Protein chains: 4
Amino acid sequence: MRFSILPSATEPIYRQIIEQVRRQVASGQWPAGTELPSIRNVAQEHAINPMTVSKAYSLLEAEGLLERRRGMGMVIAAIRPAGDPDQRLALLEPTLRDAARQAAQLGLGRAEVIALLRRCLDEATED
Amino acid sequence: MRFSILPSATEPIYRQIIEQVRRQVASGQWPAGTELPSIRNVAQEHAINPMTVSKAYSLLEAEGLLERRRGMGMVIAAIRPAGDPDQRLALLEPTLRDAARQAAQLGLGRAEVIALLRRCLDEATED
Amino acid sequence: MRFSILPSATEPIYRQIIEQVRRQVASGQWPAGTELPSIRNVAQEHAINPMTVSKAYSLLEAEGLLERRRGMGMVIAAIRPAGDPDQRLALLEPTLRDAARQAAQLGLGRAEVIALLRRCLDEATED
Amino acid sequence: MRFSILPSATEPIYRQIIEQVRRQVASGQWPAGTELPSIRNVAQEHAINPMTVSKAYSLLEAEGLLERRRGMGMVIAAIRPAGDPDQRLALLEPTLRDAARQAAQLGLGRAEVIALLRRCLDEATED
DNA sequence: GTGGTCTAGACCACT
DNA sequence: GTGGTCTAGACCACG
């Protein structure tokens with residue numbers, strides 16, 4: 001129920017938050033009705049400005065993924081069904097498509113690329 | 001000998017150009033002496049600002065990857081040897097590492113992810 | 001091509017801007033490609049903070065109504081077809097539906113209500 | 001004798017309650033002495049916070065429209081006479097004025113707007 | 001307690 | 001020139 005935020009990353013903080021919420025919802029780990037940590041809490045924990053968190057939450061609300069419960073914080077919207085596996089794969093596709101394009105421009109073979117992905121997957125699941 | 005540029009992508013245009021030149025050189029597809037398309041040409045073809053192309057070329061020149069030949073435009077510098085396979089793989093690694101992190105957060109299995117990458121590689125090499 | 005902003009209204013400023021852009025697009029007065037006044041311009045003209053204008057533009061971009069031309073301001077997105085009359089009426093419907101509900105609770109007759117609307121329409125078109 | 005409350009509307013809940021009581025009184029549908037539903041009942045029925053209902057009732061009491069009868073809950077105060085038709089129309093005017101302004105910005109014709117209002121009035125009186 | 005709005009000002013990135 | 005991001009702090013509205 002906590003965000004992992006890297007202030008030094010090139011990706012802006014508010015977008016890091018947005019992406020994490022999207023993935024948590026798509027993976028079914030945050031079902032409809034889940035209460036999000038309050039803006040002030042997130043801001044304090046990560047020593048960032050409340051406006052930055054608010055911006056992320058507001059955009060997610062405009063997107064329909066969050067609902068405001070006035071005076072009571074934000075919750076995951078009921079509308080969204082839990083993401084099925086295909087939907088989750090679709091979220092990953094743009095990144096892999098870009099990787100494939102880069103591999104082609106680098107003249108790399110399929111086997112090499114897939115072997116490298118395997119290694120990265122191992123690292124990522126270790127954490 | 002043409003760039004593929006997506007003005008709507010999140011990656012800035014000048015950086016798209018830089019990365020493509022780097023990959024073409026690393027893969028040996030653009031050996032030393034290869035002439036680059038003129039700034040004016042690139043700008044017209046993709047309906048982008050000539051200043052943007054100029055910025056990319058200038059940065060590549062400062063990096064030593066390009067050389068300015070008066071009257072001939074820019075050419076790939078003689079100094080840089082084509083990257084060996086490991087070096088080329090290293091250029092791809094950050095993207096795959098990010099993809100693996102996303103896959104983990106989405107709760108996707110290794111097999112699914114690798115299958116999707118295979119499909120993307122097929123598409124990318126068709127072009 | 002200018003916004004009319006009332007800082008004293010109960011409706012927040014950024015929302016006043018959003019609603020005006022939506023109506024201008026729906027009515028066909030701002031076709032696709034129309035350049036919007038720059039954030040700094042709008043902010044200066046109305047003596048409001050650039051962030052406020054930026055918030056309106058960003059939300060309209062997230063909505064798909066605006067597109068960013070990097071380094072060159074915002075334009076009306078090409079995707080949206082000019083609103084047909086039915087679409088424009090649909091934008092008005094929620095307000096009229098609310099008015100009808102109020103009239104019913106007030107026990108007012110149809111004729112009275114419609115006569116009042118006529119008077120209001122006269123006033124609004126005078127301006 | 002029940003309220004219609006939409007927690008998702010932009011209008012705050014306590015204000016929705018206040019406005020409805022005002023209209024029922026102005027229209028004479030709730031004459032002096034009418035008992036209002038208890039705070040607990042309203043809160044349960046609409047799954048809202050009792051404090052919210054209490055706030056609405058208290059404001060209406062301060063306004064003189066309601067009276068607190070110990071053990072009987074709140075009743076419509078005797079003082080207020082039912083509003084005459086002109087007074088009731090005046091309560092509706094701001095909403096219609098806003099609708100007319102929107103219609104003008106949308107470039108809609110008088111006939112269309114009035115026809116739509118007729119349809120909305122039909123719907124509203126059906127309920 | 002919750003989030004919303006606005007301000008003022010800084011710094012960065014892109015064209 | 002353009003918009004984007006973030007900070008710091010004030011005040012309001014809602015429950």
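Reminder, nothing fancy here: chain letters follow the sequence lines and each chain counts from 1. Computed from a predicted model, the values in this text were never measured in an experiment. Computed over heavy atoms, backbone and side chain alike; hydrogens, waters and symmetry mates excluded.
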Engineer: Tell me, with the steps shown, if C:Q102 and C:D98 meet side chain to side chain donor-acceptor pair (under 3.5 Å).
Structural biologist: CA-CA 6 Å; C:Q102 288 181 30; C:D98 183 46; 3.1 Å; yes
Engineer: Both C:R70 and D:M51 contact DNA chain F. Which one's nearest nucleotide lies toward the 5' end?
Structural biologist: C:R70
Engineer: For DNA chain E, what residues of residues 11-21 of chain B have any heavy atom nearer than 4.0 Å?
Structural biologist: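 Close to the strand are B:P12, B:I13, B:Y14.
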Engineer: When you look at D:S8 and A:R69, which way does the side-chain contact (heavy atoms from CB on, under 4.5 Å) test go after all the steps?
Structural biologist: CA-CA 8 Å; D:S8 60; A:R69 295 252 190 271; over 6 Å; no
Engineer: Might you point out which heavy atoms bring C:L106 and D:R88 nearest each other, and give the distance in Å?
Structural biologist: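 The answer is O-NH1, 3.0 Å.
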Engineer: Nearest nucleotide by nearest heavy atom, which residue falls closer to the 5' end of DNA chain F, C:E61 or A:P50?
Structural biologist: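 Comparing both residues, the 5'-ward one is C:E61.
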Engineer: Between which nucleotides of DNA chain E, read 5' to 3', does contact with chain B run, using atoms under 4.0 Å from its heavy atoms?
Structural biologist: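 Contact boundaries, 5' end first: E:dC14 to E:dT15.
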Engineer: Take atom CD1 of A:I39 and atom P of F:dA13, then tell me their distance rounded to the nearest Å.
Structural biologist: 18 Å
Engineer: With DNA chain E as reference, determine whether B:I48 or C:A47 sits nearer its 5' end, using the nearest nucleotide of each.
Structural biologist: C:A47
Engineer: Please work out if A:R40 contacts a base, only the sugar-phosphate, or nothing of the nucleic acid, heavy-atom cut-off 4.0 Å.
Structural biologist: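 Base: the residue A:R40, judged by heavy atoms under 4.0 Å, touches a nucleobase.
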Engineer: Suppose we define a pair by two distances each less than 3.5 Å, Watson-Crick or G-U wobble; what does E:dC14 pair with here?
Structural biologist: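 Its partner is F:dG1 (Watson-Crick or G-U wobble, both distances under 3.5 Å).
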Engineer: Hey, are the side chains of C:F3 and C:Q16 touching, using non-hydrogen atoms and a 4.5 Å cut-off?
Structural biologist: no
Engineer: Do D:E93 and D:R97 sit within salt-bridge range, that is, some charged N less than 4.0 Å from a carboxylate O?
Structural biologist: yes
Engineer: Check whether any side-chain heavy atom of D:V21 sits under 4.5 Å from a side-chain heavy atom of D:L36, and report yes or no.
Structural biologist: yes
Engineer: By nearest heavy atom, map B:T52 and C:T52 onto DNA chain E; which one lands nearer the 5' end?
Structural biologist: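 Checking each residue's closest nucleotide, the 5'-ward one belongs to C:T52.
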Engineer: So which heavy atom on C:A103 is nearest to which on D:L92, and how close?
Structural biologist: CB-CD2, 4.0 Å
Engineer: When we call it a touch if two heavy atoms are under 4.0 Å apart, what does B:N49 touch: a base, just sugar-phosphate, or nothing?
Structural biologist: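 Here B:N49 touches the backbone only, sparing every base.
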Engineer: Measure the CD1-CG distance between A:I18 and A:L59 for me, rounded to the nearest 0.5 Å.
Structural biologist: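 Here the rounded value is 4.5 Å.
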Engineer: Tell me what B:K55 touches on the nucleic acid: a base, only sugar-phosphate, or nothing, going by heavy atoms under 4.0 Å.
Structural biologist: base
Engineer: Taking C-beta and beyond as the side chain, do B:W30 and B:L65 meet within less than 4.5 Å on heavy atoms?
Structural biologist: no
